[in-house]
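Each chain gets a letter, A, B and so on, in the order the sequences are listed, and its residues count up from 1. Since we're looking at a predicted model, the values are computed, not measured.
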Amino acid sequence: MRPLVTALGLLAGWELLVWLARLPPYILPPPSRVAVVLMERRALLLEQAAWTGAEMMLGLALGLLLGAALAVLFAASAGWRRWALPLVIVSQAIPVIAVAPLLVLWLGYGMASKVAMAALVIFFPVVSSLYDGLRRTDPGWLELARTMDASPRAVLLQIRLPAALPAFASGARIAAAVAPIGAVIGEWVGASAGLGFLMTQSLARGQTPLAFAALFVLCLLGLALYVATDRLARRLVPWQPIQGD
Amino acid sequence: MRPLVTALGLLAGWELLVWLARLPPYILPPPSRVAVVLMERRALLLEQAAWTGAEMMLGLALGLLLGAALAVLFAASAGWRRWALPLVIVSQAIPVIAVAPLLVLWLGYGMASKVAMAALVIFFPVVSSLYDGLRRTDPGWLELARTMDASPRAVLLQIRLPAALPAFASGARIAAAVAPIGAVIGEWVGASAGLGFLMTQSLARGQTPLAFAALFVLCLLGLALYVATDRLARRLVPWQPIQGD
Amino acid sequence: MVSSPALSVRSAHIVLDGHVVAENLSLEFPGGRTTCLLGRSGVGKTSLLRHLAGLLPGTAPAGPVAYMAQRDLLLPWLSVLDNVRLGHRLRGDAAARHAAGPRARALLAEVGLGHHLDALPQTLSGGMRQRAALARTLCEDRQIVLMDEPFGHLDAVTRFDLQDLAARLLRGRTVVMVTHDPLEALRLGHEIRILSGTPFVPGPVIAPSGAVPRDPADPELLALQARLIGELRTGG
Amino acid sequence: MVSSPALSVRSAHIVLDGHVVAENLSLEFPGGRTTCLLGRSGVGKTSLLRHLAGLLPGTAPAGPVAYMAQRDLLLPWLSVLDNVRLGHRLRGDAAARHAAGPRARALLAEVGLGHHLDALPQTLSGGMRQRAALARTLCEDRQIVLMDEPFGHLDAVTRFDLQDLAARLLRGRTVVMVTHDPLEALRLGHEIRILSGTPFVPGPVIAPSGAVPRDPADPELLALQARLIGELRTGG
Amino acid sequence: ANAQEKVRILLDWFVNPDHAALVIAKQRGLFDKQGLDVELIAPADPNAPPKLVAAGQADYALSYQPTLQMLAAEGLPLVRVGVLVAQPLNSLVALEDSAVKTIADFKGRKIGFSVSGFEEAVLGAMLESAGLTLKDVTLVNVNFALTTALMSKQVDGVIGAFRNFELNDLELNKAKGRIWLVEKHGVPAYDELVILAKRETVDPARTKKLLAALAEATAWLTANPAEAWASFSKYGKDLDNDLNRMAWKDTVPLLSADPAALDRARYSTFAEFLVKRGLIKQAPPLDSYLREIR
Ligand SMILES: Nc1ncnc2c1ncn2[C@@H]1O[C@H](COP(=O)(O)OP(=O)(O)OP(=O)(O)O)[C@@H](O)[C@H]1O
Ligand SMILES: Nc1ncnc2c1ncn2[C@@H]1O[C@H](COP(=O)(O)OP(=O)(O)OP(=O)(O)O)[C@@H](O)[C@H]1O
Ligand SMILES: [Mg+2]
Ligand SMILES: [Mg+2]
């Protein structure tokens, strides 16, 4: 119920913004107009949404996996950290247009290159947060483990990792929120479908309302993914008290 | 010393990759070739780097500020959270090309619109991490504050906020790493200068080595910003033990 | 001086996540006096204290309280001095905060931390942290003071001295103190209550004679100590 | 049965962040016996124990140790039972871990947590958490056992019972135990050492007669208790 | 049919009426008839396709003559094997009701462009034809939002507008545009849309079949524009809209009837122009990037 009220409130705010700022529809169409397009073109939008949704989910899954693996690797080995951490940081500075040909070269025009691009955007918050979390273990626990002759591996997997799960959850939330843009960016790499593709195309051809209808669907997908991730992330850390809502 | 070794190692890896995968220079030029361009065009690159660097720093500063303010607002008020949090999440799903006209309409073609765009990319990890951190305060501290008749405001600013600084640091690290792409994305909005613009233009003209020289400079800027942020972020939380390096 | 209010619990239910700690509990703590709570581990002493402090859902404190929890809860980013002044900082009254400075320093000197004013809590030993938390509680200067094992991490001598300090500073206030040491209860408590059972019921009021702090070598106290231990054992 | 090794500290320096806790310290802990450490709060007992456990920079333990810290250090995501089996889980030997199950259950029953095997630590009271930590330490089954205020959060009766338990299970092992309760030291310690001063120096060995656990009502012990408190006071 | 030869063509941009010949040839089975199984791939970045073809990731790419000549000058192993639109589409556009009535009126104003790499050359020449220089205007990258930037008056003109599209786009948004064709204002004529292949691996036999199919498709669609539109508009998602319908009418006459045709003079003239404008240092030999396949 409440999310619905919020959503309606936000739409009202959008309509008001268009009104007050007297924005022409080719800059920002009012939601009423977008709604009409949403209805009229629902088949097209749904089809594209399925495509982009798949990219988002795959990208997120891959990003979470890759991110978690890298973070654990960095926490485990100073050697890896020294070589790969700068690479990981630098990877965030690379725009699609620079690597798109490379991705196509290696992964072809199919979904793989798009998902790879999306994962590249998505994995970073996970690595960074989780690695940060892995470095902040309560020293008392580490000392306890040391007196128990635990191998570094056991300490990492059984103490540092569970202790860092709140940090992972935090990273996963960010990752879920950037998953849509990851997928859209992925669609720059030679896509012929997807909401991002549809948006670019309709914007370039003056069909702003359709572009915003696509954007609206993308935002819905994004919100749904975020809420789902948030729920799962909380379930991951049942022992931790969370304040507010 | 060590970062230099790492950097040289990574460059060697890049050269090797180009060699082994037999990548043509117009897809991925070898560092040796990029180095030549770097030297020859250093004046141009420096000039563009100054531009983009300024956007990055301003964007990061704005993003950190805005992110921190929003996170505190969300932690303070359920009302704000309910309305603005979905908006903030959705803001991450919006591609530049959709908002560029709006931004330009409001902020013009100057640096403001680029910095705003960069900040839009940068602020989210900060809000998300800090807000997460603000929700995870040790309940014992909150109870103590309650018995001390602390106002919600005092609890937020004097207990929850300092307790969440490690989370803020974590978000700031991610923000610093995405600052370069934020700036480049910002340059999509009516730029006529900057490393991102230079990259787009040289890619269009088939001057891939120049594009990668620009990318290299961008990565250096990104790394420098990350390292600086990391240092500052650690200093922000002197009471917290950090493991590893 | 304001007379300190009595505390009363009337037909209270204390339930934690489905675990019934106390049922239909009625209990009086006389105003201006110190009541010591004894009881087996896990019986519900902390829960009762939290109930009195208004920290359990659906409860509210009888008035302004100073609450010293079982953990020291020092804030790691504040110096010892600032931790002790925390209440004043949080209430944000600049004048009060300013006035609290000398008081906090004096208290820290009395608990033996006069040379650690600027130290961060992480550089203190367990007992030093507990003393800082004690100073913080005393610095609050409240008419109702609730303390959960306030001297648990202190050596016998320091403990003795700080018991004296607490008795002196808390004279005339309504104090409820959880302790595991029967002798401590006998030294400091105007009244002593033993909690036992699940859900717990409070035992009858035990009121040793004489002014607090009492002399621990007093034979009456030693006799009472044996009785307390006996009741703890059978009640538990 | 393996004979438990003696522990010795030879010309050790214990310095924490520039704070000199002990200088040129030499100290022997006889093998197979229990040594209790007493000392004023902040004197360096915990630091010495950490030195013995090999937890301070530049130190290594004399052999496999079981270390019970001042904080309970229970892992919040593991049940009480799994916390007690933590050592076996961490060493990852599947057979050992399996074998540890009954042992851990038995120990938990003995410390009175037999009904809380699957509870998460957050749902336990302070004393219950300490008992779980004790069970974890005993479950380690090590020849060298280092314990920092292991009974501090327990009521008099539970404490008494668990002292007995510890004395029984730790018989023949080399135990170093920090305590604040002179009577506890006298009940359990073959030897007692009082640390005093900054940097601290250990006092002479005090060795009460009779087998542990001793009867606390023994007049010799009560006399010794007075002496210990006196030494604590003057030394501190 | 017997084993069809797989052919992968990278478009320059999303499917639009400029690609009419390709789409119609595919829809009417003209490629099949030639034994080709053609796949059309649309990128979002017009700069990638030539590189991907040069790297062997596709058989043909659509691009623009100026782009080809710049890439050739940078040493990319590309050759032009055919043409779809053998005249410039590029133009400079302003709003009709703005103060800009002639190119000279742009003095001191903002002109938007979408990065193509040669906007400065084209615009520079046009401005000079009116006695201005690039320094007299402010260039602003508006990316693909050319009409939006123009209509919202964020810029006074845009370069890189396609005469068959952006004008219609303006009209659909109830605005009228004033247009200056590049070839009429100091820019030599060039082929807007050309077909590129990789120099080393270009397959003349296959290319011949491809071009034949395209020629046949163009002939048919020029003869039956309405029927062709009905077919084209069903090809992809979201092609059936007003803009494409209007653009279709304007585009069909511009399509090259002979996709195999090559006007070498045009290339040497334009190469000189690019050299003069400082976009390339030296014109590469024509034969290195042009191939006429008949
Ligand atoms: N990280 C640190 N930096 C500086 N000084 C420290 C640090 N940790 C401990 N100390 C100091 O070392 C001294 C000894 O501390 P230790 O914890 O060993 O005392 P203790 O005898 O165990 O006290 P308690 O009975 O209160 O637990 C204390 O004075 C304390 O202030
Ligand atoms: N969150 C919780 N969920 C379920 N049970 C809880 C929770 N918190 C406490 N309990 C139970 O409530 C009972 C009383 O706990 P409480 O902390 O009040 O005991 P206590 O008398 O203070 O014990 P101690 O002397 O060990 O500190 C315990 O049996 C404990 O298991
Ligand atoms: Mg308790
Ligand atoms: Mg200690």
Side-chain angles (χ1 to χ4, degrees), chain A residues 2-3 6-7 9-10 23 26-28 75 78 81-83 86-87 89-90 92-95 97-98 101-102 105 124-125 128-129 132-133 135-137 139 142 166-167 169-170 173-174 177-178 180-181 184-185 196 199-200 203 211-212 215 218-219 221-223 226 240-245, chain B residues 2-3 6-7 9-10 23 27-28 75 78 81-83 86-87 89-90 92-95 97-98 101-102 105 124-125 128-129 132-137 139 142 166-167 169-170 173-174 177-178 180-181 184-185 196 199-200 203 211-212 215 218-219 221-223 226 240-245:
Chain A
R2 192 182 273 172
T6 307
L10 294 180
L23 292 172
Y26 50 83
I27 296 252
L28 182 66
R81 183 164 66 234
R82 197 163 313 134
W83 292 101
L87 214 61
I89 294 162
V90 154
Q92 295 308 297
I94 299 178
I97 52 161
L102 253 177
L105 203 62
F124 184 71
S128 190
S129 297
D132 253 22
R135 293 196 298 173
R136 290 193 312 227
T137 320
L142 296 180
S170 203
R173 274 188 200 100
I174 303 178
V178 300
I181 199 73
V184 166
I185 285 184
M199 234 180 292
T200 324
L203 279 174
F212 275 80
L215 182 56
L218 185 71
C219 288
L221 279 182
L223 268 181
Y226 182 87
Q240 203 178 47
I242 286 198
Q243 288 104 36
D245 61 36
Chain B
R2 191 182 274 173
T6 307
L10 294 179
L23 291 171
I27 295 266
L28 182 67
R81 183 164 66 234
R82 196 162 317 133
W83 291 100
L87 215 60
I89 295 163
V90 153
Q92 294 308 296
I94 300 178
I97 51 162
L102 255 176
L105 199 65
F124 185 70
S128 190
S129 297
D132 254 22
L134 288 171
R135 292 196 299 174
R136 291 192 311 228
T137 319
L142 296 180
S170 204
R173 275 189 201 99
I174 304 179
V178 299
I181 199 74
V184 166
I185 284 184
M199 240 180 287
T200 324
L203 282 172
F212 274 80
L215 182 55
L218 185 70
C219 288
L221 279 182
L223 268 180
Y226 182 88
Q240 202 178 48
I242 286 198
Q243 288 105 35
D245 59 38

Asks: Look up atom CG in L87(A) and atom CD in Q92(A), then write down how far apart they are to the nearest 0.5 Å.
Replies: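 The CG atom of L87(A) sits 11.0 Å away from the CD atom of Q92(A).
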
Asks: Got a second to check how far F212(B)'s CZ is from I94(A)'s CD1, nearest 0.5 Å?
Replies: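 Those atoms lie 7.5 Å apart.
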
Asks: What is the distance from atom CD1 of I174(B) to atom CD1 of I174(A), rounded to the nearest 0.5 Å?
Replies: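 Answer rounded to 0.5 Å: 4.0 Å.
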
Asks: Quick check on the interface: out of L105(A), L223(A), L10(A), D132(A), who has the most heavy-atom pairs with chain B under 4.5 Å?
Replies: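 Going by pairs under 4.5 Å, I would pick D132(A).
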
Asks: Measuring from atom CD1 of I181(A) to atom CD1 of I185(B), what distance do you get when rounded to the nearest 0.5 angstrom?
Replies: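 Reported to 0.5 Å precision, the distance equals 6.5 Å.
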
Asks: Find the one option among Q240(A), M199(A), R82(A), R173(A) whose heavy-atom pairs under 4.5 Å with chain B are most numerous.
Replies: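 If we count pairs closer than 4.5 Å to chain B, R82(A) comes out on top.
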
Asks: Who among P180(A), A93(A), P241(A) has the most heavy-atom pairs with chain B under 4.5 Å?
Replies: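 Heavy-atom pair counts peak at A93(A).
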
Asks: By a 4.5 Å heavy-atom criterion (distance strictly below it), what part of I97(A) contacts chain B: side chain, backbone, both, or neither?
Replies: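 Both backbone and side chain of I97(A) come within 4.5 Å of chain B.
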
Asks: Does T137(A) offer a backbone N or O that forms a donor-acceptor pair with the side chain of Q243(B) under 3.5 Å?
Replies: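 Such a contact is found between Q243(B) side chain and T137(A) backbone.
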
Asks: For the interface with chain B, which of S129(A), S170(A), S128(A), A98(A) has the highest count of heavy-atom pairs at distances below 4.5 Å?
Replies: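 Answer, by heavy-atom pair count under 4.5 Å with chain B: S170(A).
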
Asks: Examine whether an atom of V90(A) lies under 4.5 Å from a heavy atom of chain B, and if so say whether it belongs to the side chain, the backbone or both; otherwise answer neither.
Replies: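 Looking at V90(A), backbone and side chain both touch chain B.
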
Asks: Can you say whether L215(B) sits under 4.5 Å from chain A via the side chain, the backbone, both, or neither, judging by heavy atoms?
Replies: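 The side chain, not the backbone.
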
Asks: Report the option among G133(B), G222(B), A78(B), C219(B) that has the most heavy-atom pairs separated by less than 4.5 Å from atoms of chain A.
Replies: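 The answer is C219(B).
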
Asks: Please look at A7(A) and chain B and tell me whether the side chain, the backbone, both or neither of the residue comes under 4.5 angstrom of a heavy atom of that chain.
Replies: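 Looking at A7(A), nothing touches chain B.
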
Asks: Using a 4.5 angstrom heavy-atom cutoff, name the option from L134(B), L221(B), V178(B), L203(B) with the most pairs to chain A.
Replies: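 Going by pairs under 4.5 Å, I would pick L203(B).
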
Asks: Under a 4.5 Å heavy-atom cutoff, which of A169(A), A167(A), G9(A), A211(A) has the most pairs with chain B?
Replies: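 Top count of heavy-atom pairs under 4.5 Å with chain B: G9(A).
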
Asks: Go through P166(B), G196(B), A75(B), P139(B) and name the one with the most non-hydrogen pairs under 4.5 angstrom from chain A.
Replies: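 The candidate making the most pairs under 4.5 Å is P166(B).
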
Asks: Would you mind telling me which of L102(B), I89(B), I27(B) has the largest number of heavy-atom pairs within less than 4.5 Å of chain A?
Replies: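 Most pairs with chain A among the choices: I89(B).
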
